[in-house]
Enquirer: 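Dumping the structure here so I can ask a few things about it.
Heavy-atom basis, side chains included; hydrogens, waters and symmetry copies ignored. Index from 1, following the sequence.
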Amino acid sequence: MHRATPAAIALTVASALTLTACGGSGGADVDADAEQTLTVWAMGTEGEKLAEVADVYEKSHPNITLKVTPVGWDVAHQKLVAAAAAGKLPDVMQMGGTYLGEFADMGVLEPVDTRTVKKDDYFPAAWEQASYDGETYGVPWYVDTRVLFYRTDLAREAGVAKPPATMDELLKAAQAHQDRAKTKWGLSIQPGGLDTVQSFYPFLYSAGGEIIDADGKAAVNSPEAVEALETYGEFFAKGLSEKAVRPGYDVTKDFNTGDVPMFFGGPWIMSLLDENYPDIKGKWAVAPVPADKESVSMAGGSSLAVSADSEHKAAAKEFISFLTDAKGQSDWYERTRDLPANQQAWESGELATDPKLKVWREQMETARTTPSQPRLTEITSKVDSAIESVTQGKADAKAALDKAQAEIEGLVE
């Protein structure tokens, strides 16, 4: 997910002090069958596509008018914070994974009724991402993870007969691509900057490491995490991954030319490759994250939450149910290619039969997420810095993560 600006973070800290006491004090709830208008904020492409679904919903619910506002991810956090501070959050809002703990801590989100919304319907990591401090505040809407994209034709040239199944095999395959297939790089992973941690997560989780442990304590300098960062840094030390990536870098262009034969990417990239680079259709595939102790990737995505001060909670919950049941999730996938969070949606159609999509489902079953924290964006920024110091040869993994650990301990709540 996208990270808040420093100014937005400062505003959050200031406003949280006043919001915690007043959240959840909304007036009388309007009955779901009454004529009413629901305000909805959704981000990025989802915000644009949701307007189409809103039209469908209004036809079957003539008493409901849906006012959908698309919000760019670049301003989403700041806009949500400002609205929360002013007591003007929409009835329904999309919550990115790094946002939910922050807004739940403010007291501005309505807890989910887990008697009607069932935890077992959703991928475990998606449910965890929608929860904070023992309470669930969002219904998982779609999920995201990372798997390995690789050029099958270049793998043959490199003498790599099958996708790497372990991190050792990944390193060897990257070297083989450079040596035999003459690719410029062996593997594209992020060297530094904003959200580098997302590139690091498959290494961290597969090694058994974590940023915050199950007890809510910082754990980023554990032996497992250090091992993961050592593995990550080795690709840069050996010249297999690029140390300096320009802002806005699009790995699919280098994947198309063959400069990059392998990278970790999200599900939306499959459509980009098919649409933009038809010449390599049939020359690429996806595979699970190579295992260290096991094969584990990050869990991302978004959930849908209701404002604690909404006077339309009943109707808002019905609309969210429409979007997040198996039928609604299948329809949403057809419109957006967002992977369903509801596991039942994977039991039919393309989601059940496409071999590539099977890889995504299996990866989601073991995917992990960092427990929600009010200052999670600040916490992960410390890990970003630690990773960059290693990829640039400025510190070894242990020293870099010891520094991050000391910084994170003061941010964990």
Side-chain angles (χ1 to χ4, degrees), residues 1-2 26 29-77 79-80 82-84 87-97 99-100 103 108-110 112-113 116-117 121-122 126 130 137-144 267-268 271 301-342 344-345 349-351:
M1 296 307 303
H2 298 252
D29 193 24
V30 177
D31 187 84
D33 294 330
E35 186 171 336
Q36 60 198 290
T37 297
L38 281 182
T39 55
V40 183
W41 288 3
M43 319 315 178
T45 302
E46 285 72 32
E48 298 166 7
K49 290 290 185 180
L50 190 57
E52 299 174 9
V53 181
D55 289 340
V56 174
Y57 190 79
E58 287 175 343
K59 289 176 182 176
S60 60
H61 297 74
N63 62 307
I64 301 293
T65 298
L66 290 165
K67 184 179 179 182
V68 178
T69 301
V71 180
W73 275 117
D74 57 336
V75 297
H77 181 270
K79 188 174 176 69
L80 285 165
K88 294 183 178 179
L89 283 170
D91 298 303
V92 177
M93 69 208 88
Q94 179 180 353
M95 275 280 138
Y99 294 177
L100 186 132
F103 287 90
V108 297
L109 303 182
E110 179 75 5
V112 170
D113 183 354
T116 57
V117 181
D121 288 343
Y122 302 92
Y137 290 93
V139 181
W141 188 19
Y142 66 87
V143 293
D144 177 23
W268 67 90
S271 296
S302 287
S303 58
L304 294 168
V306 176
S307 167
D309 286 331
S310 171
E311 296 182 355
H312 307 277
K313 292 186 181 74
K317 291 172 184 178
E318 285 194 4
F319 180 54
I320 289 176
S321 178
F322 173 83
L323 294 174
T324 58
D325 67 15
K327 183 179 178 181
Q329 293 267 278
S330 296
D331 176 72
W332 188 246
Y333 170 75
E334 292 299 324
R335 295 174 185 274
T336 64
R337 293 311 190 194
D338 285 342
L339 300 181
N342 189 311
Q344 294 176 12
E350 182 184 5
L351 286 160

Enquirer: So if I apply the side chain to side chain contact (heavy atoms under 4.5 Å, CB included) rule between Asp91 and each of His312, Glu311, Lys313, which one comes out positive?
Expert: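 Going through the options one by one, the only one that passes is His312.
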
Enquirer: For Gln94, run the side chain to side chain donor-acceptor pair (under 3.5 Å) check against Trp41, Tyr142, Trp141, Trp73 and tell me which one passes.
Expert: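 The residue from Trp41, Tyr142, Trp141, Trp73 that satisfies side chain to side chain donor-acceptor pair (under 3.5 Å) with Gln94 turns out to be Tyr142.
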
Enquirer: Quick check: closest heavy atoms across Ala34 and Ile64, and the distance to 0.1 Å?
Expert: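 Looks like O-CD1, 4.4 Å.
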
Enquirer: Could you go through the side chain to side chain contact (heavy atoms under 4.5 Å, CB included) check for Met93 and Phe103 one step at a time?
Expert: CA-CA 11 Å; Met93 69 208 88; Phe103 287 90; over 6 Å; no

Enquirer: To the nearest 0.5 Å, how far apart are NZ in Lys49 and CZ in Arg335?
Expert: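 With rounding to 0.5 Å, NZ (Lys49) is 8.0 Å from CZ (Arg335).
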
Enquirer: Can you name the nearest heavy-atom pair linking Pro90 to Ser307, along with the distance?
Expert: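 Nearest pair, atom of Pro90 first, then Ser307: O-CB, 3.2 Å.
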
Enquirer: I would like to know whether Tyr122 and Gln329 meet side chain to side chain donor-acceptor pair (under 3.5 Å); could you show each step before the answer?
Expert: CA-CA 11 Å; Tyr122 302 92; Gln329 293 267 278; over 6 Å; no

Enquirer: Is the shortest heavy-atom distance from the side chain of Asp144 to the side chain of Pro267 under 4.5 Å?
Expert: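 Side chain of Asp144 against side chain of Pro267, heavy atoms only: contact under 4.5 Å found.
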
Enquirer: Quick one: do Tyr99 and His77 satisfy side chain to side chain contact (heavy atoms under 4.5 Å, CB included)? Show the steps, please.
Expert: CA-CA 8 Å; Tyr99 294 177; His77 181 270; 3.6 Å; yes

Enquirer: Pair Phe322, Val53 - check side chain to side chain contact (heavy atoms under 4.5 Å, CB included), show working.
Expert: CA-CA 10 Å; Phe322 173 83; Val53 181; 3.7 Å; yes

Enquirer: Can you find a heavy atom in the side chain of Trp332 that is under 4.5 Å from one in the side chain of Thr324?
Expert: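 Side-chain contact under 4.5 Å: no.
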
Enquirer: Measure the spacing between OG of Ser302 and CE of Met43 and express it to the nearest 0.5 Å.
Expert: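 Separation between the atoms: 7.5 Å.
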
Enquirer: Within a strict 4.5 Å, meaning less than it, do heavy atoms of the Ser303 and Leu100 side chains meet?
Expert: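 Of all side-chain heavy-atom pairs linking Leu100 with Ser303, at least one is under 4.5 Å.
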
Enquirer: Quick one, Phe319 with Val40, criterion side chain to side chain contact (heavy atoms under 4.5 Å, CB included). Give me CA distance, side-chain angles, the key distance, then yes/no.
Expert: CA-CA 10 Å; Phe319 180 54; Val40 183; 4.1 Å; yes

Enquirer: In this structure, which one of Thr39, Asp309, Leu80 forms a side chain to side chain contact (heavy atoms under 4.5 Å, CB included) with Leu89?
Expert: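 Answer to the side chain to side chain contact (heavy atoms under 4.5 Å, CB included) test with Leu89 among Thr39, Asp309, Leu80: Leu80.
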
Enquirer: To the nearest 0.5 Å, what is the distance between NZ (Lys317) and CD (Glu110)?
Expert: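 Here the interatomic distance stands at 4.5 Å.
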
Enquirer: Using every non-hydrogen atom in the two residues, find where Ala316 and Val306 come nearest and quote the distance to one decimal.
Expert: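 Minimum heavy-atom separation between Ala316 and Val306: CB-CG2, 4.0 Å.
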
Enquirer: Hey, could you give me the OH/CG distance between Tyr57 and Leu38, rounded to the nearest 0.5 Å?
Expert: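 Going from OH on Tyr57 over to CG on Leu38, the span is 7.5 Å.
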
Enquirer: Working to the nearest 0.5 Å, report the span between CG of Leu66 and CD of Gln36.
Expert: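 Here the rounded value is 9.5 Å.
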
Enquirer: Which atom names give the shortest non-hydrogen contact between Val68 and Pro70, and what distance separates them?
Expert: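 Closest approach of Val68 to Pro70: O-CD, 3.6 Å.
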
Enquirer: Please give me the minimum heavy-atom distance between Asp31 and Asp33, naming the atom from each residue.
Expert: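 Looking at all heavy atoms of both residues, the shortest contact is OD2-N, 2.9 Å.
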
Enquirer: So how far is it from Tyr333 OH to Asn342 CG, rounded to the nearest 0.5 Å?
Expert: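 Tyr333 atom OH to Asn342 atom CG measures 15.5 Å (nearest 0.5 Å).
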
Enquirer: Between Leu351 and Pro340, which heavy-atom pair has the shortest distance, and what is it?
Expert: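 Result for this residue pair: CD1-CG, 3.7 Å.
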
